[in-house]
Amino acid sequence: RTVPGELKWAASPSEGGWEEVSIMDEKNIPIRTYQVCNVLEPNQNNWLRTDWIPRSGAQRVYVEVKFTLRDCNSLPGVTGTCKETFNLYYHESNEDRESYIKENSFIKVDTVAADESFTQVDVGDRIMKLNTEVRDVKVTTRKGFYLAFQDVGACIALVSVRVFYKTCPLTVRNLATFPDTITGADTSSLVEVRGSCVNQSEEREEPKMYCGADGEWLVPIGGCLCNPGYEEKGGACKACSAGFYKAKSTDPGCAKCPPHSHSLRDGATVCDCHSGFFRADSDPPSMACTQPPSAPQQLISVVNETSVVLEWAPPHRLGGRSDTSYSLDTMGWECNVLFSPGQAGLKTTRVVVSELRAHTHYTFIVHARNGVSQASGAGAAQSVSVSVTTNQATPSPVSFIQATDVTRHSLSLSWQQPDRPNGVILEYEVKFYEKDQRERSYRIMRTFSRSVDVTGLNPLTVYVFHVRARTAAGYGEFSTPFEFSTNSGIHTAMFTVFIISRSYTTISHPPLHPSFSSLVSSPALASPTVAGVKIYVDPFTYEDPDQAIHEFAKEIDVSCIHIEKVIGMGEFGEVCSGRLRAQGKREIYVAIKSLKAGYSDKQRRDFLSEASIMGQFDHPNIIRLEGVVTRCKPLMIITEYMENGSLDAFLRKHDGQFTVIQLVGMLRGIASGMKYLSDMNYVHRDLAARNILVNSNLVCKVSDFGLSRVLEDDPEAAYTTRVRHIPIRWTAPEAIAYRKFTTASDVWSYGIVMWEVVSYGERPYWDMNNQDVIKAIEEGYRLPAPMDCPVVLHQLMLDCWERDRAERPTFSQILNMLDKLIRNPGTLRRTGGERYLNVALLDCDCVSVSITTFEGQHFTFKEV
Ligand code: ACK
């Protein structure tokens, strides 16, 4: 219709077949047609081919042909040659200029017949009956195609040929846009199309639809949701207007701002709180803005001795919330005060504060908070306070009594202040009676100090003692009973020191009040080791040193430690003394070792390893670990406090002041501790008097547990050719020579400690140098008996210094031996006496001999 001139489609044959003719259409508009009408001649094969038609992405094209066809019957004189159909062909090609019709390459689409034929009518009427036929064909292989019409003897006019393809048109479904999409190649094919979310929307579930062969959209899946601040209107997302908000894309639409909030601009996702109102982090945007509470009201306090009951009413204004909670502060914080049910995060309005000091002024502050207190910046402002003074209370019972200086008719009692004195202690009262008499008759003594000498007792009699303290508030309760026995006779005074000391060291164990006589007959009573049950675990076998420390040591809250003074320097930093008041326990004196700042990982591990080792031991002659501080700096190791410090310095300070039996008592303690360690399979490696600590009762305890330190940090440790850092004078030859450290090498060191003790802290081998010491030992030289040393003791030392370690006694044997000596003090009386023979050969050049006495005096004999 639109071509003004000739179409000039290819025709074959070029003459006498299809002819291009201009005619008037039904609206009297001139159009181009192709006609053929060779009905009278047989064997017609007339081809007409369109120009090349580009495919333009289509996969299936539709061909609509409008034509007129004459009814053979209406044609006068026609024979059997007249046909009433024609054939439609197509041929796919990239070539847009094929010049002639290659009939063979065309594929037949269909034979087309007229639905309606027409009979020739008067030209004056101009009524034309048009046939319209549509056929579709798959074109997928080339850029374009040609169509061809084959006439085999009909009378046809082609009026119009329309070629088209179908698309599913651009559409928006579930807030996703789907583009204009060409249908698939087959009549049943569905093309899957992914939609894209419209502006201001986000995917809820991948939007998808299928484009059907007819250009219809089918099966919509998924879709999008309008972003926060936007809602759906007419398939698009529109901003919420001022005063409205939408917080989440899944919210159905914009909602009005909740109370005490507003939004000034379009597209709000949350409404801002009015001034003076707040929202907690956990409050949803749909919640009204709220305020912190006002202060608690009507705080009242009721004092009951050393407890206070605090009660209050909820705040007048809760700020529109229901999460009000309370917390308490005390002016003048104390470590052990108890708050019940708690101190913070309280929902109730009643708290009992107990364990306060008696007769002490306290101020308690009760704070009210809710979810927006933090946000409002008024975290602690809403509070009310009350001041109280606790009542006077009687003191708690005295928890421990010890006896010293026991004789036939007297003993000295001493005790510690009650855990909770609850005021100034004015007096102690001691009540005692013979155990057999029960309380039928008893005596009372009163004293201002924490000790008393009790005289006028019967010999070899067990007495029961109770002590109580008095303050202005009156007497406290009596202590539990403590039993002590008087002596039978000689030598027992010193013996008592040792025995009573031992019972003192059981202080941290379950109440044990053994009578004196039972201790005498059973000296091993205090040993906690059940044969072979408990074995020492090397903390260095733990990959994580912190795991070891927390397995074996208790973490102490640093607020419970009061450091008082520096008492020395340890290898890792200062050693201080101080007090520890652990929750629910009485205050005790402690030593505090700290790790100086700037330590390396290795130093931290080594420092804490001592606590991991010590924490595994529980014996009256092993220094007791109270705990560690690892959660804040500096790191600390807290042990029991040993009033007399290290044994070597202590003995030097008290040179000659102890009886032999007292010295043996000390040695027995050390042997007992070492037996315990050896039963646990622990080898000390650095047993020396400097590593033994002494408490106020002369109880000796083994200390200094560390591993690397043994070989590196002891000032006595010397560098040898084969082994670094060994305390030569204390170490067995096999340990020096080839590092064979065993319990038997600890026994050697124990022999040296015996010598140090009996000689009151003398330096073993005096000022001989290490090489000479090694040589002398090798040659069989052994330290001589110190002055006044009982022969049996020196013999025991010599046994400890047997070259063959299998020949040395065990700690168990040493302990038995010492116990035997204590039971038979007479055996200790015989000393060597030939003091001038106890000399060490210092130098000999065959002209003179230099010797030194055990007292450190030097002599040189010339021309010997
Ligand atoms: O001989 P001393 O007074 O006893 O000096 C050293 C110093 O700290 C460095 O080690 C003393 N010391 C160590 N542990 C304790 C403890 N548990 N009780 C008392 N003093 C201690 C040691």
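One is the number of the first residue; the rest follow in order along the sequence. Whatever order the structure lists ligands and atoms in, that order sets their numbers, starting from 1.
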Checklist entry - Are Thr742 and Asp746 side-chain neighbours, meaning at least one heavy-atom pair lies under 4.5 Å? => result no
Checklist entry - Between Glu610 and Met614, is any pair of side-chain heavy atoms under 4.5 Å apart? => result yes
Checklist entry - Between Glu640 and Lys701, does a salt bridge (Lys or Arg N to Asp or Glu O under 4.0 Å) hold up when you go through it step by step? => result CA-CA 10 Å; Glu640 64 179 311; Lys701 305 198 181 196; 2.9 Å; yes
Checklist entry - Picking from Phe465, Phe400, Trp415, what satisfies ring-ring contact (aromatic ring centres under 6.0 Å, His included) with Phe482? => result Phe400
Checklist entry - What orientation do Tyr641 and Tyr589 show, parallel under 30°, tilted 30 to 60°, or perpendicular over 60°? => result tilted
Next on the checklist: Tell me which one of Arg604, Lys602, Gln603 satisfies side chain to side chain donor-acceptor pair (under 3.5 Å) with Asp606.
Outcome noted: Lys602
Which pairs of nitrogen or oxygen atoms, taken one from ligand 1 and one from the protein, are under 3.5 angstrom apart?
unit_1	atom_1	unit_2	atom_2	d
ligand 1	1 (O)	Ser646	N	3.2
ligand 1	1 (O)	Ser646	OG	2.4
ligand 1	4 (O)	Ser646	N	3.3
ligand 1	17 (N)	Thr639	OG1	3.2
ligand 1	17 (N)	Glu640	O	2.9
ligand 1	18 (N)	Met642	N	2.9

